[in-house]
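A short worksheet on the structure shown next.
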2 protein chains.
Amino acid sequence: MEHMIKHTAKDIFRNYIQEKGLRNTRQREAILDVFFSADKHITVEELFNKMKITVPEIGYATVHRNLSLLCECGLADEIKIGKQKARYEPKFGQEHHDHLICIKCGKFIEVSDSKIEKLQNKLAEANDFIPVKHTLEIFGICRECK
Amino acid sequence: MEHMIKHTAKDIFRNYIQEKGLRNTRQREAILDVFFSADKHITVEELFNKMKITVPEIGYATVHRNLSLLCECGLADEIKIGKQKARYEPKFGQEHHDHLICIKCGKFIEVSDSKIEKLQNKLAEANDFIPVKHTLEIFGICRECK
DNA sequence: TTTAGTGCAAAGGCTTTGCAGATGT
DNA sequence: ACATCTGCAAAGCCTTTGCACTAAA
């Protein structure tokens, strides 16, 4: 049986836009397309440069504002690593994951471990703390850089 | 039996200074004293303000540069949380710990869990990744803010 | 038509740097 | 003496904002 309605990222985005009385624009649609088909962990600048190929007149601020909007409606996460500029990660229909980050080449490897997740929740509870979200980043040397 | 030589943070700092051909100054000693007796997770600005009490002529850049020096010689860690300004945590003779961070009051609670640490190492190894360091931050609501 | 969005440029906010004078060694 | 350190101010760097114009609804 198949009673489920499939919601694409675009559906979610358009719904959000409508509910909030915002407007859908050429730029928004284009940013959505490029963002979801680009490399994960993209910076504003990288996305801005990609956008200019198809929408040459686009402004940096527009890209930036729309990435914020994507975070707001739950379709992206902002990742800040040390002093690096912010990176944005698409978030759609996938479980939470952590990152292995290579300190030589900068690569992000996505991993997840349900045991660690559970222990984290226990750790929070043991401190009378209600966990909302978490970030785990392991820095080291990746296979290729050894 | 007691053959161990006790190294204070100051010993380590002075050794590092000497080895590198750097110089010990009035400001450095003062910053070391204040930093290690101040609240953990202090910002440059907070430390700068505290420093001015005993060393009124001190400059912001001096505080900043010496915090970097402390990180360099392993006596401090820089912590960056989202868009907040950098915070510095004294690191001396204590095991690694993670943070529970209250999203209401901003409080940092230090916690550690050896099981999680072990699983993190396994997770890294399973990905052919040599772990060097890691950060785990759990955001949520603390006891007092519930 | 009305109100939100865009693009530009300027402003912010924190971090970092250049430099002349002061200061350890 | 000589190289490092300091304090100041300026520059950097990324992010955010103000504003006049454009364009969804």
Side-chain angles (χ1 to χ4, degrees), chain A residues 10 13-32 34-35 41-73 76-88, chain B residues 10 13-35 41-73 76-88 106:
Chain A
K10 276 199 183 174
F13 187 68
R14 289 181 180 141
N15 265 332
Y16 186 85
I17 293 282
Q18 206 158 30
E19 278 173 14
K20 294 269 177 177
L22 306 177
R23 290 166 188 181
N24 207 353
T25 63
R26 203 162 45 83
Q27 290 86 339
R28 283 197 170 148
E29 287 281 324
I31 288 169
L32 208 67
V34 176
F35 179 61
H41 315 118
I42 203 169
T43 62
V44 184
E45 198 184 0
E46 286 161 359
L47 182 53
F48 173 57
N49 288 329
K50 276 185 189 269
M51 292 314 305
K52 281 193 292 194
I53 298 169
T54 48
V55 190
E57 74 280 15
I58 206 162
Y60 188 92
T62 299
V63 177
H64 183 278
R65 284 187 281 230
N66 280 295
L67 281 171
S68 299
L69 183 61
L70 283 168
C71 290
E72 223 179 274
C73 68
D77 266 338
E78 189 187 284
I79 311 173
K80 288 276 307 172
I81 300 295
K83 290 169 192 168
Q84 290 178 33
K85 56 182 77 167
R87 291 180 175 277
Y88 293 83
Chain B
K10 276 198 182 174
F13 187 68
R14 288 180 182 143
N15 265 333
Y16 186 86
I17 292 281
Q18 206 159 30
E19 279 173 13
K20 293 270 175 177
L22 306 178
R23 289 164 190 183
N24 208 353
T25 63
R26 201 162 46 84
Q27 290 88 335
R28 284 197 169 147
E29 287 281 324
I31 288 170
L32 208 67
D33 284 339
V34 175
F35 178 62
H41 316 120
I42 201 169
T43 62
V44 183
E45 198 182 1
E46 286 161 359
L47 183 54
F48 174 56
N49 288 330
K50 277 186 188 266
M51 294 312 307
K52 282 194 291 196
I53 299 169
T54 47
V55 190
E57 75 280 14
I58 206 163
Y60 187 93
T62 299
V63 176
H64 183 277
R65 284 188 280 230
N66 280 296
L67 280 172
S68 298
L69 184 61
L70 282 168
C71 291
E72 221 181 275
C73 69
D77 266 337
E78 190 187 284
I79 310 174
K80 288 277 306 172
I81 300 294
K83 290 168 190 172
Q84 289 179 32
K85 54 182 80 167
R87 292 181 173 277
Y88 293 82

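Proteins get letters first, then strands, A, B, ... in listed order; numbering begins at 1 in each.
- Contact check for B:Ile53 versus B:Val34: no side-chain heavy atoms found under the 4.5 Å cut-off.
- Distance NZ (B:Lys80) to P (D:dT15): 11 Å, rounded to an integer number of Å.
- For the residue pair A:Leu32 and A:Lys10, the shortest heavy atom distance occurs at CD2-CG, 3.3 Å.
- Mapping B:Val44 and B:Leu22 onto DNA chain C by nearest heavy atom places B:Val44 closer to the 5' end of the strand.
- Atom CD in B:Glu29 sits roughly 20 Å away from atom P in D:dT4 (whole-Å rounding).
- Comparing C:dC14, C:dG5, D:dT15 by their closest approach to the side chain of B:Lys85 singles out C:dC14.
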One pair to check against salt bridge (Lys or Arg N to Asp or Glu O under 4.0 Å): B:Glu57 and B:Arg26. What are the steps and the verdict?
CA-CA 12 Å; B:Glu57 75 280 14; B:Arg26 201 162 46 84; 3.0 Å; yes
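- Using a cut-off of 4.0 Å between Lys/Arg side-chain N and Asp/Glu carboxylate O, B:Lys20 and B:Glu72 are scored as not salt-bridged.
- Within the 4.5 Å cutoff, the side chain of A:Leu47 has heavy atoms near those of the A:Met51 side chain.
- The minimum heavy-atom distance between B:Ala30 and B:Val55, with the atom names listed, is CB-CG2, 3.8 Å.
- Toward the 5′ end of DNA chain D lies the nearest nucleotide of B:Asn24, the other residue of the pair A:Glu45 and B:Asn24 mapping further downstream.
- Inter-residue side-chain proximity for A:Ile81 and A:Arg87 is flagged as unmet; no heavy-atom pair is nearer than 4.5 Å.
- Note on B:Thr62: a side-chain N or O is less than 4.0 Å away from OP1 or OP2 of D:dG7.
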Might you list the N or O atoms of the protein lying below 3.5 Å from N or O atoms in nucleotides 8-10 of chain D, with each pair's distance?
none

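- Proximity of B:Gln27 to the phosphate of D:dG7: a side-chain N or O atom is located under 4.0 Å from OP1 or OP2.
- Under the 4.5 Å side-chain criterion, counting only non-hydrogen atoms from C-beta, A:Ile42 is in contact with A:Lys50.
- Rounding to whole angstrom units, CD of residue A:Glu78 and C1' of D:dT16 are separated by 12 Å.
- One interatomic measurement links the two molecules: CG of A:Leu67 to P of C:dG5, which rounds to 15 Å at whole-angstrom precision.
- How far CD1 of B:Ile31 is from CZ of B:Phe13: 8.0 Å, rounded to the nearest 0.5 Å.
- The pair A:Arg14-A:Glu29 meets the salt-bridge criterion, since a charged nitrogen lies less than 4.0 angstrom from a carboxylate oxygen.
- In the helix from C:dT1-D:dA25 to C:dT25-D:dA1, the terminal helix axes, each the rotation mapping four pairs' C1' atoms onto the next four within five end pairs, subtend 30°, rounded to 10°.
- Whole-Å rounding puts the B:Ile17 CD1 to D:dT4 C1' distance at 10 Å.
- Taking 4.0 angstrom as the limit, B:Lys83 places none of its side-chain polar atoms (N or O) nearer than this to OP1 or OP2 of D:dC14.
- Listed pair B:Arg26 / C:dT23 fails the phosphate criterion, with no side-chain N or O lying under 4.0 Å from OP1 or OP2.
- Atom CZ in B:Arg28 sits about 15 Å away from atom P in C:dT23, given to the nearest Å.
- The separation between A:Met51 atom CE and C:dT6 atom P is 11 Å, rounded to whole Å.
- If you check D:dA24, D:dC2, C:dT15 against the side chain of B:Arg23, the one that comes closest is D:dC2.
- Atom pair B:Asn66:CG and C:dT15:C1' shows a separation of 15 Å (rounding to whole Å applied).
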